[in-house]
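What follows is a short report on a single structure.
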Amino acid sequence: MASRQEKHFKNYEFKQVPRASGKGYKNVYKYIGDYYTWDIPTQGLRRERQCFVLLEVISLILYFGAAVQNAEQNRLAIVAVPSICSLAAWVFELIAIGFFSFVKLPLKEEDYKRVDSTFFLTFPLRALFLTVATVGCIIYTIRNSAGMQSWLLSLVYAVCAVLALVLMIRYQKLKARKKVILAE
């Protein structure tokens with residue numbers, strides 16, 4: 001089994017280049033692996049990236065608006081635990097969204113795989129956790145004949161779950177248009 005270092009450097013070529021001062025050599029690693037991008041016009045990809053950031057921001061605002069409410073259902077384990085778990089998945093998702101949206105293309109193979117595997121896990125996990133939180137809110141609301149605030153919290157958690165699914169579907173469509181640029 002290859003070590004972590006061997007896996008990392010498998011797409012790099014090592015060379016010793018003479019220093020400009022003429023004294024000694026310096027070690028240089030040149031990337032020789034494949035690059036990844038999407039087979040979509042630059043303007044279309046820019047819109048997709050902006051859409052991802054916008055949907056994440058809207059989802060975060062809605063989520064925190066609901067999660068900080070001093071409501072009984074936010075203190076129930078059936079709502080609080082999945083809500084916090086979704087937040088944990090969200091942290092990794094936000095890092096990947098930032099990387100996907102603000103890094104120059106084309107992506108190196110390792111970077112693409114990191115973004116792809118993160119999105120593969122975080123979008124459905126977040127949607128699942130928020131769906132459980134939504135169901136917990138709805139059960140509480142029905143059992144306790146709670147008011148409008150309880151229904152609104154359920155709706156906001158549900159919208160956040162749907163936004164996670166929308167992001168997942170949009171990424172799957174974008175992933176289908178993946179383009180590999182072979183190294184020279």
Exercise. Ignoring hydrogens and geometry, is there a side-chain-to-backbone donor-acceptor pair from Asn74 to Gln69 under 3.5 Å?
Worked result: yes
Exercise. Should we say atom OH of Tyr25 is surrounded by more than 12 heavy atoms from elsewhere, each under 6.0 Å from it?
Worked result: no
Problem set entry | Set of ring pair (Phe, Tyr, Trp, His ring centres under 6.0 Å) partners for Phe102, sequence neighbours left out | none
For this session: Please round to the nearest 0.5 Å and tell me the distance separating atom SG of Cys160 and atom CG of Leu165.
Result: 11.5 Å
Problem set entry | Electrostatic pair Arg126-Glu56, nearest N-O below 4.0 angstrom | yes
Exercise. Do other residues, nucleotides or ligands put more than 12 heavy atoms under 6.0 Å from Arg75 CZ?
Worked result: yes
For this session: Anything under 30° is parallel, anything over 60° is perpendicular, the rest tilted; go ahead and classify Tyr171 against Phe52.
Result: perpendicular
Seminar exercise, completed: Here the gap from Glu93 atom CD to Phe119 atom CZ, rounded to the nearest 0.5 Å, amounts to 7.0 Å
Problem set entry | CA sep, side-chain torsions, deciding dist, call: Gln16, Asn27, side chain to side chain contact (heavy atoms under 4.5 Å, CB included) | CA-CA 5 Å; Gln16 285 192 328; Asn27 297 334; 3.3 Å; yes
Exercise. Is there a donor-acceptor pair under 3.5 Å between the side chain of Ser117 and the backbone N or O of Arg114?
Worked result: yes
For this session: Say whether, by atom type as modelled, one donor and one acceptor occur between the side chain of Arg19 and the main chain of Gly24 under 3.5 angstrom.
Result: no
Exercise. Judged by atom type as modelled, is there a donor-acceptor pair below 3.5 Å linking the side chain of Tyr35 to the main-chain atoms of Leu105?
Worked result: no
Exercise. What do you reckon, are the aromatic ring centroids of Trp38 and Phe100 less than 6.0 Å apart?
Worked result: yes
For this session: Decide side chain to side chain contact (heavy atoms under 4.5 Å, CB included) for Leu167 and Ile169; before the verdict, give the C-alpha distance in whole Å, the side-chain angles of both, and the deciding distance to 0.1 Å.
Result: CA-CA 5 Å; Leu167 283 166; Ile169 291 167; over 6 Å; no
For this session: Run the salt-bridge test on Lys113 and Asp116 with the 4.0 Å N-O cut-off and return the result as yes or no.
Result: no
